[in-house]
Amino acid sequence: PAADAPTADGPAAEGGGSVEKSQADGAPEAMGGSGLREPEYDVEVTLSDLQADPNNPLYSVKSFEELNLRPEIIKGLHALNFRRPSKIQERALPLLMRDPPTNMIAQSQSGTGKTAAFVLNMLSRCDMTMPVPQALVLAPSRELARQIVGVVQQMGQFVQGLNVVAAVPDPRQRNQQITGQIVVGTPGTVMDMIRRRQMNARSIKILVVDEADNMLDQQGLGDQCKRVKALLPSQIQLVLFSATFPENVTTYARQFAPRANELRLKHEDLTVEGIHQFYLDVNGEDHKYDDLVKFYGLMTISSSIIFRRDTAREIEERMTAEGHQVAHLSGGLEGSDRDRVIDRFRSGEAKVLITTNVLARGIDVQSVTMVINYDVPEKLNGDPDYETYLHRIGRTGRFGRVGVAITFVHDKSSWSKLMDITKYFNVAEQLVRLDTNDWDMVE
Ligand code: ADP
């Protein structure tokens, strides 16, 4: 898979981040004219409001202290400005950390803190005096694996002896013995490392599969995950996390992680309130480039991601010609180049990231206030791809922040696919049309 292109890995990406120090980025400033402007406010204020509302996925009755985490781990959470657990953290952690360890299949909306939940369980269960792998995380892309490594490092910054390793293709790592207690990687590389005895899997006691529905569903990735699992001890804790678990994958997930505690959501409840959804009515496929450029000309946007089906470079060229700082990431790039591109975007040096579904899942960059679906996400057979839509728009509106998602619709077929998707998630009513014949209104 593209995720495992033979390449180098760079420094660990930034992970969590200080939440309430930053100002919440409201909707793009220039959207204010039509009443879309979100007031500027401090995230802290909003967060505590949201965390006080029992219907909000960020709500919790407990504190981190009540979740029986070790003091040095709590210290790490405080350093990250995590004040209270979110609903998924509050519910998943006691089940994950109970002895004897039990498997878990857990679902929660994008950006609600799933990563922190499984990271805290790993940090709690690993013996840091032993320099051998004890917990393994599989993720669908090198970018997500590197990001999770960053989260482990940040949350575990006060944990003595902790060593976490990214298992992504990296020529520099080729013959090095893996001594980290926590390993996060893409399935192909992990399998390779175990087979070549670069990584000793005998002491592994936890396997986490992040974005599990995607990992288990795809032919290639699913087989690799199964093979990795077969190389691990038989009595381990299996943990599957995702925002989406379509019915057809559920059976398979239950075989992969038998007798699991399950935290599930209905698909009608999966969207995040802070993500405002729009569609831009484009006058036919040919006008998409022009309208995209025009659109960006009108707006002042902090960071945004443009998702498209293929990796054609026209958008990048036109946007660059218009003076935008653009980064372009596709699965076809060499790993070290991919690292450079995502790091440029994370640091804010590039404000616009153009990418494909390789980055639809998991990527957490808090300054992203807008996601554009240049194409309506669809499956290989042309059916609407509900899950991909949800994951793509979930790159904004992270943990109580506000964001905007705009899907380009250029004909009847793309329009009806988008309608199907928004009906599926019960947000058709909230979807707002933007008309390219009326740019004043768009603005
Ligand atoms: P998910 O895996 O559910 O998509 P993440 O775990 O990436 O979500 O969390 C989204 C963002 O929210 C991250 O930037 C993370 O640092 C932050 N976050 C997670 N849990 C908390 C918390 N309890 N308090 C404050 N911020 C949090």
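Atoms within a ligand are numbered from 1 in the order they appear, just like the ligands themselves.
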Among side-chain atoms of [X] and [Y], is any donor-acceptor pair under 3.5 angstrom?
| X | Y | answer |
| --- | --- | --- |
| Q277 | Y389 | yes |
| Q109 | T112 | no |
| N103 | R259 | no |

Before signing off on this row, confirm whether [X] and ligand 1 have an N or O atom pair separated by under 3.5 Å.
| X | answer |
| --- | --- |
| P85 | no |
| T112 | yes |
| Q89 | yes |

Which is closest to [atom] in terms of heavy atoms, [options]?
| atom | options | value |
| --- | --- | --- |
| atom 6 (O) of ligand 1 | L144, N81, T115, L80 | T115 |
| atom 3 (O) of ligand 1 | Q366, E90, K114 | K114 |
| atom 15 (C) of ligand 1 | F241, F82, F399 | F82 |

Review point. Below 4.0 Å from any atom of ligand 1, is there a heavy atom belonging to A116?
Key: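 True for this residue.
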Review point. Can you find a pair of side-chain heavy atoms, one from Y296 and one from K351, that are under 4.5 Å apart?
Key: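 Contact flag for Y296/K351 side chains = no.
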Exercise for review: Would you mind checking if R309 and D375 are paired as a salt bridge, meaning a charged N to carboxylate O distance below 4.0 Å?
Suggested key: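 Salt bridge flag = yes for R309 with D375.
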**Study point:** Numbered atoms and elements of ligand 1 in range of R398, under 4.0 angstrom, heavy atoms
**Key:**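 This gives 1 (P), 4 (O), 5 (P), 7 (O), 8 (O), 10 (C) as the contact atoms.
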Practice item. Please identify which atoms of ligand 1 are closer than 4.0 Å to at least one heavy atom of D364. Key: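 With D364 as reference, the close atoms of ligand 1 come out as 7 (O), 10 (C), 11 (C), 13 (C), 14 (O).
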**Study point:** Stepwise side chain to side chain contact (heavy atoms under 4.5 Å, CB included) check, I315 with R308
**Key:** CA-CA 10 Å; I315 301 185; R308 58 168 318 178; 3.6 Å; yes
Check your understanding: Under 4.0 Å from ligand 1, counting heavy atoms only, is it the side chain of F118, its backbone, both or neither?
Key ->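 The answer is neither; F118 stays 4.0 Å or more away.
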Practice item. Select one of side chain, backbone, both or neither to describe which atoms of R84 lie under 4.0 Å from any atom of ligand 1, heavy atoms only. Key: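 The backbone, only.
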Review point. Please, which pairs that meet ring-ring contact (aromatic ring centres under 6.0 Å, His included) have at least one residue in residues 232-270, sequence neighbours excluded?
Key: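 Only F118-F241, H267-Y424 qualify under ring-ring contact (aromatic ring centres under 6.0 Å, His included).
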Review point. What do the steps show when you test D99 against R125 for salt bridge (Lys or Arg N to Asp or Glu O under 4.0 Å), and what is the final call?
Key: CA-CA 10 Å; D99 282 315; R125 287 190 183 277; 3.0 Å; yes
